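To start, the structure under review is shown below, and the notes come after it.
The structure displayed is predicted, hence computed values, not measured ones.
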Amino acid sequence: MKEIYLDNNATTRVDDKVLEAMLPFLKDNYANPSSMYDPARTTSCAIEKAREQIADFLGVNDPKTILFTSCGTESANTAIKGVVEKFGNKETKNHIITTRVEHPCVLSVYENLEKKGYKVSYVGVNENGELDIENLISLITPETILVSVMHANNEIGAIYPVYEVASKVKEKNKDIKVFVDGVQAAGKIPIKLQDSEIDFYSISAHKFHAPKGVGALYVKKGTLFEPFMLGGHQENSLRAGTQNTPYIVAMGVAAKLAKDALDYELTEVKRLRDKLEQGILSQLGNAKLNSKASSRVPNTTNIGFEYIEGELILLYLNELGIYASSGSACTSGSLDPSHVLRAQKVPFTSLHGSIRFSLSRFTTEEEIDYAIEKVPEVIKKLAKISPFQKELNELGL
Ligand code: PLP
């Protein structure tokens with residue numbers, strides 16, 4: 001059976017070159033990078049090289065602004081909790097602004113802070129999944145300590161104007177900190193944090209062809225926060241714990257490869273994504289595009305299939321070896337419709353039948369052709385057993 005992996009926003013396959021680069025650090029170069037003897041110089045130098053590669057990937061000059069973490073979730077938690085712990089108090093500095101479409105690793109931290117007495121304003125998106133920046137800025141109060149907006153949405157691929165948000169926030173009050181969840185932007189669009197007003201930017205290696213279990217957090221020079229991983233003096237005492245050398249090396253190499261492949265991502269991956277999108281939409285009267293933002297990452301499309309159950313679509317596609325998803329991997333298994341699609345006011349007729357297809361630089365034309373053939377077949381098959389025969393007939397199914 002063919003296997004067509006179209007779930008690259010959930011995770012990506014490890015690039016062979018990345019695997020090759022990390023293997024010596026799993027086997028021979030195992031010294032603790034904090035130790036004093038020669039082999040430790042090899043591992044600590046490898047970590048510093050990866051730090052330079054990540055700095056270059058994120059468009060910053062100073063590698064010291066990069067902290068290694070265990071994943072995107074840890075990076076987000078470090079930034080948000082670190083700011084609240086350092087600058088927040090429940091009386092006068094207790095307000096945070098974010099969006100309704102953030103990833104659960106960000107939203108659940110805010111829900112938890114609300115339980116502790118903090119006030120959080122959630123900014124919505126329009127029907128195209130776009131943000132109203134003026135509205136966001138108008139919510140700033142003297143109590144605001146943090147504004148947090150993701151760079152690219154994991155479900156619909158919308159790109160948010162984070163540089164503009166950050167400079168407008170600082171124009172209003174330079175003490176407010178700005179956190180950007182960049183997990184779904186890294187490797188898909190160019191990133192330039194140098195000279196931006198963004199204080200914190202999180203990334204996760206397994207979204208750009210390195211292994212799971214390693215991430216990074218950019219912290220602007222001079223920006224303070226309270227570290228929550230306490231222990232040794234690793235990472236400049238900002239994130240204690242022996243560094244995961246092999247995975248950090250892997251992330252550095254993956255970042256370099258991803259940066260080199262950006263042009264391909266923006267042209268060829270986008271071409272294949274557009275071909276898939278048009279190929280499906282043109283064959284099915286009940287297919288509606290959810291990824292409608294004017295600016296979006298090149299690899300993602302989200303399509304709603306009216307009157308068809310999303311979980312069934314995924315099961316049928318799975319039988320054909322096509323792997324996609326109905327939203328965030330962290331919320332799959334939940335029957336609640338996606339919070340992103342609800343924020344975008346996707347009509348209930350396709351809310352439960354929305355599927356995300358996400359490509360990578362390893363996706364081939366042949367795979368896309370196969371998906372264009374099989375997805376409509378599956379939808380037509382499911383239309384025959386749907387209780388909404390009349391509505392589907394009217395849509396030509
Ligand atoms: N932020 C976004 C936008 C994501 O899509 C994800 C993962 O899907 C994360 C954060 C969490 O990253 P990790 O899986 O490395 O914890």
Side-chain angles (χ1 to χ4, degrees), residues 2-10 101 125-129 153-158 270 272-293 296-359 363 367-397:
K2 285 188 195 192
E3 294 214 322
I4 317 281
Y5 185 71
L6 295 175
D7 201 15
N8 287 281
N9 285 8
V101 296
V125 291
N126 67 15
E127 289 186 1
N128 293 333
N153 184 272
N154 45 306
E155 294 193 35
I156 53 173
K270 179 179 181 301
L272 290 176
R273 188 275 312 271
D274 291 347
K275 182 176 181 183
L276 175 69
E277 196 170 273
Q278 284 316 311
I280 294 174
L281 292 173
S282 63
Q283 292 184 68
L284 295 166
N286 73 331
K288 302 274 143 58
L289 189 62
N290 294 325
S291 292
K292 289 184 293 192
R296 58 182 172 130
V297 288
N299 79 319
T300 308
T301 186
N302 190 310
I303 299 176
F305 299 97
E306 287 192 290
Y307 305 109
I308 311 281
E309 189 51 59
E311 302 298 310
L312 275 180
I313 302 172
L314 293 179
L315 284 175
Y316 275 57
L317 289 178
N318 176 58
E319 290 303 305
L320 295 167
I322 299 176
Y323 308 135
S325 103
S326 55
S328 162
C330 300
T331 47
S332 65
S334 142
L335 287 177
D336 290 342
S338 140
H339 68 287
V340 176
L341 300 182
R342 271 186 292 148
Q344 203 186 323
K345 298 196 177 56
V346 167
F348 78 95
T349 46
S350 57
L351 196 54
H352 289 273
S354 288
I355 304 295
R356 175 187 74 187
F357 301 96
S358 46
L359 289 65
T363 308
E367 290 174 340
I368 292 302
D369 289 340
Y370 183 72
I372 292 174
E373 182 192 327
K374 295 297 173 192
V375 173
E377 277 179 24
V378 163
I379 300 298
K380 286 176 190 163
K381 212 180 262 181
L382 290 171
K384 290 207 172 71
I385 56 168
S386 164
F388 297 97
Q389 287 303 313
K390 187 172 150 285
E391 290 83 353
L392 283 163
N393 282 343
E394 279 167 13
L395 292 166
L397 278 107

Rounded to the nearest 0.5 Å, what's the gap from [atom1] on [X] to [atom2] on [Y]? Could you check?
| X | Y | atom1 | atom2 | result |
| --- | --- | --- | --- | --- |
| Gln344 | Asn290 | CD | CG | 6.0 Å |
| Leu289 | Thr301 | CG | OG1 | 5.0 Å |
| Leu317 | Tyr323 | CG | OH | 11.0 Å |
| Glu155 | Ser338 | CD | OG | 3.5 Å |
| Leu397 | Ile379 | CG | CD1 | 8.5 Å |
| Ile322 | Ile4 | CD1 | CD1 | 6.0 Å |

Where [X] and [Y] come nearest, the two heavy atoms and their spacing:
| X | Y | result |
| --- | --- | --- |
| Pro337 | Leu351 | CB-CG, 3.6 Å |
| Ala324 | Arg356 | CB-O, 3.5 Å |
| Ala287 | Ile303 | CB-CG2, 4.0 Å |
| Asp7 | Ser325 | OD1-CB, 3.4 Å |
| Val375 | Ile280 | CG1-CD1, 3.9 Å |
| Ser354 | Gly304 | OG-CA, 3.4 Å |

Measure from the side-chain N and O atoms of [X] to the backbone N and O of [Y], and report whether any donor-acceptor pair falls under 3.5 Å.
| X | Y | result |
| --- | --- | --- |
| Gln283 | Gly279 | yes |
| Glu394 | Gln389 | no |
| Asn9 | Thr300 | no |
| Asn286 | Glu306 | yes |
| Ser291 | Ile156 | yes |

**OP:** Can you sort out the partners of Glu377 under salt bridge (charged side-chain N to carboxylate O under 4.0 Å, His left out), two or more places apart, ordered by chain and number?
**Re:**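 Result, salt bridge (charged side-chain N to carboxylate O under 4.0 Å, His left out) vs Glu377: Lys374.
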
Are [X] and [Y] packed together at the side-chain level, in the sense that at least one heavy-atom pair is separated by less than 4.5 angstrom?
| X | Y | result |
| --- | --- | --- |
| Val340 | Asn302 | no |
| Asp369 | Glu373 | no |
| Asn299 | Arg273 | no |
| Phe388 | Thr349 | no |

Subject >> Under the side chain to side chain contact (heavy atoms under 4.5 Å, CB included) test, residues paired with Leu312 that sit two or more places apart >> reply: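 Testing Leu312 for side chain to side chain contact (heavy atoms under 4.5 Å, CB included), a comparison that skips the adjacent residues, returns Glu309, Tyr316, Leu382.
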
